Every structure is written in structure tokens, then in C-alpha cells.
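What follows is a short report on a single structure.
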Amino acid sequence: LNDGKTKGNSCHGVLHNCDLPNFAEEAEKLYNKYYPMEVSAELSHEEKVKACEEWWGKNHALLVNLGLTKEKMKSGVAAGFGEIILRGGYKQWVDFLEALQVPLIIFSAGLADVIEEFLKLSSYEHKNVKILSNKMIFDEASSVLTGFDGKIIHTYNKGLIAFDNLDGIVDVRR
């Protein structure tokens, strides 16, 4: 964060601010179990991939099962707004790219909806920015989360997943 010492929240972490009973506690249990596996020097790459797939899958299922709504997601992002910090120079760089009509793709193992809401709250919405991340599917009538679009994108596969989906996001000939 701005103090240069404190680690900010991830997209999933910001949702601890949502009004979902027991979400923060259950997500913390998942973090405590799977994060050590993600960064382990002893596990093989395949074991880390499996752990991340389980972790993201269980976290996403938790959000669905607890009835996350679009409104709760947005309020969680707003409440945790100061817990996400963009790298210095982001706005100037993206403004520059937009002026030149250069597309920018944000690859993230986080949550596209959280990133979009954060950028909106930051007044950093740009037409040239596309987000390739875990996209939530909300029921149109109730705005309740029903699932996620496509494959789970996690720390160890976001590059591979990203290239499978580029055609629908940007003009890859460019």
C-alpha cells in the first residue's frame, strides 16, 4: 500500500468486505491451506497447478453458495477501495496508449468484475483496456452470482488461458 510496507488485498481478498456471512473466515481458511502450496519450493509445478485449481474453485463456489450479488460485490470493492493500489504511472501510461489507440490487456488470476469496478471507482475507465480474468455470471433478474464464465484462471495458467481467448478480446492481427 502507500506506506510501502503493507501488502494490499487481492481481488478475492477485497471481497472480504462484502456482506456475506462467514465468507472472510472461510476464504481465510482456504488461503491458509493453499497459499503455502502455491509458493512452496518443495511441490512440483503440477502439484501447484492442482492446488491452485482447487483453491480458486472452492473460493468461487463459496461466493456462489453464499449468494454474492452484484451489489454486494460493488459495495465490497468500494469498502476495500484503499486496499488495492495500482502501480505508479498507471494512469499516464494507459492515457498515452489510449491516445495512440493501442490496446492494453490486463491478465489477472483475480476477478474481472472486481477489477472493472475498481477501475470505474478510480475514474480509470479506458476504451482500449480489456480484462482477461475470472468473469462472474450474475442472474439478470436477481443479480445473484450463479457461476463463472469459462475455465478457472489462476496463478499458474493465466498466460496459457489468455492466449486461448485473445481473438474475442482484441484484434490479434494488430
Side-chain angles (χ1 to χ4, degrees), residues 1-87 106-125 131-162 165:
L1 299 179
N2 287 332
D3 65 8
K5 298 174 189 172
T6 308
K7 184 178 176 183
N9 263 328
S10 66
C11 290
H12 291 85
V14 167
L15 294 182
H16 291 195
N17 297 308
C18 291
D19 182 24
L20 287 177
N22 301 319
F23 175 70
E25 295 83 7
E26 293 301 317
E28 187 71 20
K29 288 179 190 174
L30 292 172
Y31 176 86
N32 290 335
K33 176 179 179 179
Y34 289 104
Y35 182 71
M37 293 178 191
E38 178 187 6
V39 298
S40 171
E42 282 116 36
L43 293 179
S44 69
H45 178 76
E46 292 77 22
E47 290 169 312
K48 290 179 180 187
V49 168
K50 183 176 184 233
C52 284
E53 286 172 359
E54 286 177 16
W55 182 10
W56 268 253
K58 288 180 180 182
N59 197 295
H60 292 175
L62 186 59
L63 291 168
V64 171
N65 294 336
L66 291 175
L68 179 69
T69 63
K70 191 177 282 192
E71 292 74 25
K72 287 182 180 182
M73 181 273 300
K74 288 180 177 184
S75 69
V77 175
F81 186 71
E83 299 169 7
I84 303 175
I85 303 294
L86 293 172
R87 294 187 190 274
I106 296 175
F107 295 115
S108 175
L111 301 164
D113 306 78
V114 169
I115 296 167
E116 289 166 3
E117 187 63 20
F118 173 79
L119 292 175
K120 187 185 304 179
L121 290 173
S122 302
S123 300
Y124 289 168
E125 293 180 284
I131 300 168
L132 186 57
S133 187
N134 295 295
K135 182 73 176 154
M136 296 175 171
I137 301 171
F138 291 97
D139 179 78
E140 287 188 37
S142 66
S143 83
V144 173
L145 180 65
T146 59
F148 288 80
D149 188 24
K151 299 176 192 174
I152 291 175
I153 301 173
H154 56 77
T155 306
Y156 289 101
N157 76 348
K158 63 184 175 183
L160 297 174
I161 294 286
N165 297 325

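The first residue in the sequence is number 1, and the count goes up from there. If you're wondering where the values come from, they're calculated on a predicted model, not measured in any experiment.
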Value rounded to 0.5 Å, distance of [atom1] in [X] from [atom2] in [Y]:
{"X": "M37", "Y": "L43", "atom1": "CE", "atom2": "CG", "answer": "7.0 Å"}
{"X": "N9", "Y": "N17", "atom1": "CG", "atom2": "CG", "answer": "7.0 Å"}
{"X": "I106", "Y": "I131", "atom1": "CD1", "atom2": "CD1", "answer": "5.0 Å"}

Side chain to side chain donor-acceptor pair (under 3.5 Å) with [X]: which residues, sequence neighbours excluded?
{"X": "D19", "result": "none"}
{"X": "N59", "result": "none"}
{"X": "H16", "result": "none"}

If every non-hydrogen atom of [X] is compared with every non-hydrogen atom of [Y], which pair is closest and at what distance?
{"X": "M73", "Y": "L15", "answer": "CG-CD2, 4.0 Å"}
{"X": "C18", "Y": "G76", "answer": "SG-CA, 3.8 Å"}
{"X": "G110", "Y": "C11", "answer": "CA-CB, 3.9 Å"}
{"X": "S133", "Y": "A109", "answer": "OG-C, 4.3 Å"}
{"X": "I137", "Y": "D149", "answer": "CD1-N, 3.7 Å"}
{"X": "Y34", "Y": "A51", "answer": "CD2-O, 3.4 Å"}

Once salt bridge (charged side-chain N to carboxylate O under 4.0 Å, His left out) is applied, what residue pairs with a partner in residues 51-79 remain, sequence neighbours excluded? K50-E54
Might you work through the side chain to side chain contact (heavy atoms under 4.5 Å, CB included) test for E38 and H154, ending with a clear yes or no? CA-CA 10 Å; E38 178 187 6; H154 56 77; over 6 Å; no
Hey, does the side chain of K48 reach the backbone of S40 with a donor-acceptor pair shorter than 3.5 angstrom? yes
Looking only at atom types and distance, does a side-chain atom of Y31 sit under 3.5 Å from a main-chain N or O of W55, one as donor and one as acceptor? no
Heavy-atom side-chain proximity of [X] to [Y] below 4.5 angstrom:
{"X": "I153", "Y": "S108", "result": "no"}
{"X": "V49", "Y": "N157", "result": "no"}
{"X": "L20", "Y": "L68", "result": "yes"}
{"X": "W56", "Y": "N134", "result": "yes"}
{"X": "V14", "Y": "L111", "result": "no"}

Show me the donor-acceptor pairs, under 3.5 Å and distance only, between side chains in residues 116-123 and residues at least two apart or in other chains.
from: E116; atom 1: OE1; to: K135; atom 2: NZ; distance (Å): 3.3
from: S122; atom 1: OG; to: F118; atom 2: O; distance (Å): 2.8

Atom pairs and distances, side-chain donor-acceptor, residues 21-30, under 3.5 Å, sequence neighbours left out:
from: E26; atom 1: OE2; to: K29; atom 2: NZ; distance (Å): 3.2

Atom OH of Y35: over 12 foreign heavy atoms under 6.0 Å: no
